[in-house]
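Structure record follows, encoded as structure tokens.
Whatever order the structure lists them in is the order used to number ligands and atoms, beginning at 1.
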Amino acid sequence: MDLRVFDNAQQASIAAALALSQHSGKNAIFGFATGNTPRGTYAELADRGGVQCKQAFALDEYVGIDGDDPRSFAHYMRTVVEAPLDLPHGTVRVPNGLASDLNAEAASMELAILQTPVDVQLLGLGRNGHIGFNEPGSRKDTLTRVVKLAQETRLDNGADFEGLAPERAITQGIGTILRAAHLILVATGAAKKEAVHKLLEGEEDDQWPVTHLAQHPNLLLLVDRAAVD
Ligand code: F6R
């Protein structure tokens, strides 16, 4: 694991943008995260003229939310990632949270990622240690699937949903994420401290899914002081 500690979140975001842009190219396959943490990274990449890639995948999507809904991750990918980074509309594949057969949708996403392996995956971290929406209890070999969100995640992400985010999501599994050749994990702010420390302790624990990333051969962990001190 390559750990870099920065004075503030903005510096960590810039470092993530630099690391990700090193992989930019017409054949690149990216994995993008949603949430607040990577917004600074996407803004920095946009300032640098965007990135090039052949295809990209989102980590997750809420079940029951239409892709046109501003609260959906599909909408986030269009407005925070594709347009600012100068990527053609539809570059980022996001699971369809309204699919009539959600298990088939998850399996189809998993197959697509298997056939088009991700070169570099950008990740944020839940304060309960979740990666994607792999909540506490998630095993290392989990694949893309329908999951129930932890109550604290529903509360943390509830601002746009009158307090409580949807009950379920489709998420890439830990096993899916671990297949990416490079992982860039950004964790900033004191709320992430406990989860960051679990990762740094190096002991794998399903109750802290992020700990499964410790053995990845190319994990770049970018944190600010608040997340480690
Ligand atoms: C995002 C995702 C989540 C977030 C995590 C942190 O696609 O799957 O794991 O990365 O919940 O969210 P923020 O960055 O908002 O603290």
### Query
Do the charged groups of Arg154 and Glu135 touch, with an N to O distance under 4.0 Å?
no
### Summary
Lining ligand 1 at under 4.0 Å, by non-hydrogen atom distance, are residues Ala33, Thr34, Gly35, Asn36, Thr37, Leu59, Asp60, Gly124, Leu125, Gly126, His130, Gly132, Lys192
### Summary
Paired with Asn134, the side-chain hydrogen bond (donor to acceptor under 3.5 Å, both in side chains) test is passed by just one of His212, Gln172, Arg145, Arg139, namely Arg145
### Message
I'd like to check the side chain to side chain donor-acceptor pair (under 3.5 Å) partners of Asp69; sequence neighbours left out, ordered by chain and number.
### Response
Arg71
### Message
Whether Glu44 and Arg48 form a salt bridge (side-chain N of Lys/Arg under 4.0 Å from carboxylate O of Asp/Glu) is what I want to check.
### Response
yes
### Task
Specify whether Tyr42 and Phe32 have parallel, tilted or perpendicular ring planes, treating 30° as the upper limit for parallel and 60° as the lower limit for perpendicular.
perpendicular
### Message
If you define the side chain from C-beta out and look only at heavy atoms, does anything of Phe57 sit under 4.5 Å from Thr176?
### Response
no
